[in-house]
> 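Got a structure for you, written out below as structure tokens; questions coming shortly.
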Amino acid sequence: MGVLYLLHTRPWLCITRKKAGFATRKLYSKGALLYRNRILCQALRMASSGMNVAAFQKDKAYVDGKWVSAKSGKTFEVTNPSNGKVLGSVPDMDRSDAQAAIETAYRTFQAWKSTLPKERSDILRRWFELCVKHKKELATLITLEMGKSFPEAEGEIAYSANFLEWYSEETRRTYGDVTPPPAHNKRVMVIKQPIGVAAMITPWNFPSAMLTRKIGAALAAGCTVVARPAEDTPLSALALCELAEQAGVPPGVVNVITSSRENASPIGKELCENPLIAKISFTGSCAVGKLLLSQCANTVKKTSMELGGNAPFIVFDSADVDKAIQGLMFAKFRVTGQTCICANRILVQEGVYDKFVQALAKVIDSQLKVGDGFEPGVTQGPLINKRAVEKVENLVNSSVGEGAKVVVGGSRKDGPGNFFNPTLLRDVTTEMSVAKEEIFGPVAACIKFKTEDEAIAIANSTSYGLASYFYTNDISQSYRVSEALEFGMVGVNEAAITSPETTFGGWKESGLGSEGGKYGINEYLAFKNICYGIQHKA
Ligand code: NAP
């Protein structure tokens, strides 16, 4: 089944299927033959592992435990950014569909909120186990609809599932407080209760993990959910619903509505303004986050905003340059530079600047490979869509126009798909757009600095405050700089800084609230002070 699925998503493989895997030289060049046979081998490996992707690829949204169409009957297509091919279609829902899902979630909340933490824990645990069991199918959907390399997609599924595991554990630990009384005739306690229906809007770059990081916390707290994934990547969200159902999540507890970009705004407005929703959790750009915040004002909703970043990556003269480069390769080029915590401004101290840039150029050349995420060895999948390619291209061109020099790459990759070659720019200044805007692509922009104070001043001179990184072998400097950086996350000689065990959240315009860690569940809980007046014995 897995083979057939892959075959159907790649028309050229239909020919190889007819010929039982042996394409003819008459039809294909040697390079194309090798490539296609490699993909076929991959498909066969998936089939031999018992994988059935088709069972997880849905063409309906999921509301009240049912697979449903849009009331209008409209649909939109989901495409593969590696080749532009259509993968399938899903319902193009509108505001009225959102209202129906909200009412379902509100009705279901009345029962779900009273379930025991242990019951919710068991369900989340089963959901986690099912995600692990089906990680290859789920990862395949990510690579197909989002484009990241298959190993990265598998990594995302592990990360995504771990949030369900983490919250299956946290649900039994939502302790309140018994506080010392302020008077002899009073007793005071603080309890935490589920806040209500939680709405979620998620981006395309982590189509699975951005959802479980929110849904896991919401369900653990006792909330029900209405979620809307991005237009580009609805399939991963719907696949999670299939496993939620298998895990025993009751109908109406998790509702996923899908829509085209055109309907994102009216649905977002409904989620923000509907009084039956108690909480909005959004991950995406600062611009949309600010809009949603303003729309939530009338109903004074609790909000979590995980917004954009402009991460500084600082390399001090004392740093181990090789270690810093390996860290940068992860912080910059993971998911082809399309993560909110990607290194955006690479600040290198003057003593090691030239050495760093030369060594980085070699590593980019030798370690990065651009292509379809299923092709073995590929590290750089496509950008999500044509708009993203144009944005990255404009940033590179404007930097070059202002004096930056291209050391590696600098242009699109020829051929189909939304590919941009990994790019290294030197002589970038803080005034250039590439240093001020979130690049969201595979462009490493290197800026030279002289002193520690200058590096900190540059790093903090942004309205963003999500992630930051620095490399040093000076222990005093590591304390000084980590405390001075105005960011919600700091990596010190380390680039892999996120995990379910710790908090994820931004300062300044990068967001409100935090996800994961021991505080993440509080985003879905309301605190209640209960003060007892008691008869005090004279
Ligand atoms: P985006 O344009 O803000 O979109 C994010 C989500 O919001 C998508 O589902 C999008 O739907 C939806 N949306 C867009 N306009 C909307 C509106 N008016 N009302 C309601 N929903 C709306 O962000 P993006 O460019 O796709 O994603 C990249 C951004 O996300 C970057 O800035 C990145 O830093 C940020 N991000 C942050 C984190 C974090 O945890 N801090 C994690 C990942 C990404 P459509 O896609 O269908 O338009």
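Residues take their numbers from the sequence shown, with the count starting at 1. When reading the values below, keep in mind they use all heavy atoms of this one structure, side chains included, and skip hydrogens, waters and symmetry mates. Whatever order the structure lists them in is the order used to number ligands and atoms, beginning at 1.
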> Taking only residues two or more places apart in sequence, or in another chain, which ones meet Trp67 in a side chain to side chain contact (heavy atoms under 4.5 Å, CB included)?
Lys58, Lys60, Tyr62, Leu238, Cys241, Glu242, Glu245
> Of Thr258, Asp92, Asp97, which meets side-chain hydrogen bond (donor to acceptor under 3.5 Å, both in side chains) against Asn263?
Asp92
> Quick one: side-chain hydrogen bond (donor to acceptor under 3.5 Å, both in side chains) pairs with a partner in residues 68-77, sequence neighbours left out?
none
> Tell me, which pairs form a ring pair (Phe, Tyr, Trp, His ring centres under 6.0 Å) where one or both residues lie in residues 197-221, sequence neighbours left out?
Trp204-Phe440
> Whether Glu273 and Arg95 form a salt bridge (side-chain N of Lys/Arg under 4.0 Å from carboxylate O of Asp/Glu) is what I want to check.
yes
> Just to be sure I understand the cut-off, which residues have at least one non-hydrogen atom under 4.0 angstrom from an atom of ligand 1?
Ile201, Thr202, Pro203, Trp204, Asn205, Met210, Arg213, Arg228, Ala230, Glu231, Arg261, Ala264, Ser265, Gly268, Phe282, Thr283, Gly284, Ser285, Val288, Leu291, Leu292, Glu306, Leu307, Gly308, Gly309, Cys340, Glu438, Phe440, Leu466, Phe504
> Any salt bridge between Glu523 and Lys279, counting N to O under 4.0 Å?
yes
